[in-house]
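Naming: A, B, ... by sequence-line order, numbering from 1 per chain.
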2 protein chains.
Amino acid sequence: MKKYKVKELAELAGVSVKTLHHYDKIGLLSPAIRSEKKYRLYGENELYRLQQILFYKELAMPLTEIGEILDNRNFDQLNALMEHKKMIQNEKLRLDELVNTIDKTILQLKGKKMISDKELYRGFNSEEIENIKAESKKKFGEKEFNTSEKYLKSLSKEQFEELKNEQKEIFKNLLKLSTEDNGSETVQLEIARLYQNIRKFWGTHGSPSTQKSEFKGLAKLYVSDSSYTKVDGEIHEGFPDFLEKAMAHFAKTQL
Amino acid sequence: MKKYKVKELAELAGVSVKTLHHYDKIGLLSPAIRSEKKYRLYGENELYRLQQILFYKELAMPLTEIGEILDNRNFDQLNALMEHKKMIQNEKLRLDELVNTIDKTILQLKGKKMISDKELYRGFNSEEIENIKAESKKKFGEKEFNTSEKYLKSLSKEQFEELKNEQKEIFKNLLKLSTEDNGSETVQLEIARLYQNIRKFWGTHGSPSTQKSEFKGLAKLYVSDSSYTKVDGEIHEGFPDFLEKAMAHFAKTQL
DNA sequence: CTTTGACCCTTCCCTTAGGTCATAGACTAT
DNA sequence: ATAGTCTATGACCTAAGGGAAGGGTCAAAG
């Protein structure tokens, strides 16, 4: 009877040593004996069993089931295989559905086409372009602006407008809420929305602490120049101040 | 902006609260804000994102990938979907192969038909049957014998003969080795084979300690009646004694 | 005769996508 | 005020191993 140490058997069967350790631990394949120094020693029967294990494993069968099948000799091996076949066929059906769903989604997605590098600012008129650029530079400086511009290219015009609209809506909501406590959950939830909206505009670069101070900086900008906080084109008294306090509270408690 | 606590959002989306905790922890879906008492508060944007997550999850996509896709807005969403589709189609091909393999194996297995209750002892002549039964009863007593008989039914005649032949071979090998130290690895490896062979005959019922003493009992039986340890029909002097010592050593060091 | 490199051992932590307690604090209704 | 529901965190569990730490063993080469 030939004897194999772990690595020998592993290489013979094309599995890792760790796998054999594992099979030993779960009792799926134990060495025939242990040497005096606790080395695992396998015989040819173990090699044969391992080959069977690997066969069933290729059929995507869980190790516990493999163990049951092998230990029951061929009691309901046939049955188990037929059951397993059913399982696999069901899985195949599921995958078919997935492919269908994906195909549909791909079609939808192709409808909303992506914006290319050259098309980034197409669709906005030149005045809008200048506004966007100027705004960005004021807020984040030259260097950050370049990162932002790169990021903006990954947005489609539709998405861009969607974000603009959401920002308008947020400001409207916040105006309505400006009589409330600026730390209330309702207000803070809206501020969170504003925060996320801004991040979608300017990207998520920078460390958390950087983002925190950027956000607070933006709040101060709102106070210093009330044109930023127009709602429906109008300046509202006290609103910039409310906003700044609410944003500061958000930065302090959430960031 | 509506706000949702964990359970509310969970029920709305049909997932568990724990899932939301999990998504928060891995940063896939964080609450918009935390209340003063650290409660997670989600807004409608989060509900929307969760729905997207669930959509991709249904496509069997890992959560990390989902996160990347959603955070890149639609940058290479299209590409990711097409990649994913390829993956699924490959998986389908693999399953096809599995089904083929299983079908082949089932055919092979059907060739070696199982033994039915009534056929258990068919194929052996009556003398053999009596030998088998007597041997079992002597070794394990009436009660154990019934268990064993039930177990034997799960073996086909082919397997049964295979086991008999293996036992003959083991005895032959052991006879050759009987000049060696009974505790050597080579001998012990062969004893291990004998142990496993016996267990395949008589089943694996009983606690480890029971099996240990049964095995030692069998060794003593071999010494007391040398007809059990015939090799090629002949009694060999000193062999039963060698066997008993080797078996006792095995029981002590391995069981 | 010792050292080196290859091998062996066990134990612990890590992975996915959460499930299942356990414990403690918070909210709501009677 | 107390009971019942909700929330939080943390630890442990799943399948099938991967990886590494820390320590013991063996054979050949110096």
*Starting at NE2 of A:His22 and ending at P of C:dC13, how long is that distance when rounded to a whole Å?*
18 Å
*Looking at every strand, decide which applies to B:Val6 at a 4.0 Å heavy-atom threshold: base, sugar-phosphate, or nothing.*
sugar-phosphate
*asked:* I need the CE-C1' distance between A:Met61 and D:dA16, as an integer number of Å.
replied: 16 Å
*Quick one: closest heavy-atom pair of B:Leu95 and A:Glu91, and the distance?*
CD1-CG, 3.5 Å
*asked:* Whether A:His21 contacts C:dT10 is assessed here as follows: a side-chain N or O lying under 4.0 Å from the phosphate OP1 or OP2. Is that the case?
replied: no
*For A:Ile66 and D:dG17, what is the distance between atoms CD1 and C1' respectively, to the nearest whole Å?*
14 Å
*Within the structure shown, what part of the strands sits under 4.0 Å from A:Lys18 by heavy-atom distance: base, sugar-phosphate, or nothing?*
base
*For C:dC8, take OP1 and OP2 only and decide whether either is under 4.0 Å from a side-chain N or O of A:Arg40.*
no
*Take atom CD of B:Glu65 as the centre, draw a 6.0 Å sphere, and report whether it contains more than 12 heavy atoms from other residues, nucleotides or ligands.*
yes
*Just how far, in rounded Å, is P of D:dT5 from CD of B:Glu11?*
13 Å
*asked:* What is the distance, to the nearest angstrom, from the NZ atom on A:Lys7 to the P atom on D:dA27?
replied: 16 Å
*asked:* What I'd like to find out is whether the side chain of A:Leu41 reaches to under 4.5 Å of the side chain of A:Tyr4, using heavy atoms alone.
replied: no
*Choosing from D:dT25, C:dG18, D:dG17, which nucleotide comes nearest the side chain of A:Tyr23?*
D:dG17
*Please report, rounded to the nearest Å, how far the C1' atom of D:dT7 is from the CG atom of B:Asp24.*
13 Å
*Run the ring-centre check on A:Tyr222 versus A:Phe239 and record whether the distance is less than 6.0 Å.*
no
_Just by distance, no angles: are the side chains of A:Asn45 and B:Glu166 close enough, under 3.5 Å, to form a donor-acceptor pair?_
yes
*Taking only N and O in the side chain of B:Ser16, is any of them less than 4.0 Å away from OP1 or OP2 of C:dG19?*
yes
*Check the distance between D:dA16's C1' and A:Glu65's CD and give it to me in whole angstrom.*
15 Å
*Report which part of the nucleic acid B:Lys25 touches: base, sugar-phosphate, or nothing (heavy-atom distance under 4.0 Å, all strands).*
nothing
*Quick one: is C:dA17 close enough that its OP1 or OP2 comes under 4.0 Å of any side-chain N or O from B:Thr64?*
no
_Less than 4.0 angstrom between a side-chain N/O of A:Tyr39 and OP1 or OP2 of D:dG24, yes or no?_
no
*What is the distance from NZ of B:Lys5 to C1' of D:dT5, rounded to the nearest Å?*
10 Å
*Just to confirm, is there a sub-4.0 Å distance from OP1 or OP2 of C:dC9 to any side-chain nitrogen or oxygen of A:Lys38?*
no
*Considering heavy-atom distances to DNA chain C, does B:Leu63 or B:Ser35 have its closest nucleotide positioned more toward the 5' end?*
B:Leu63
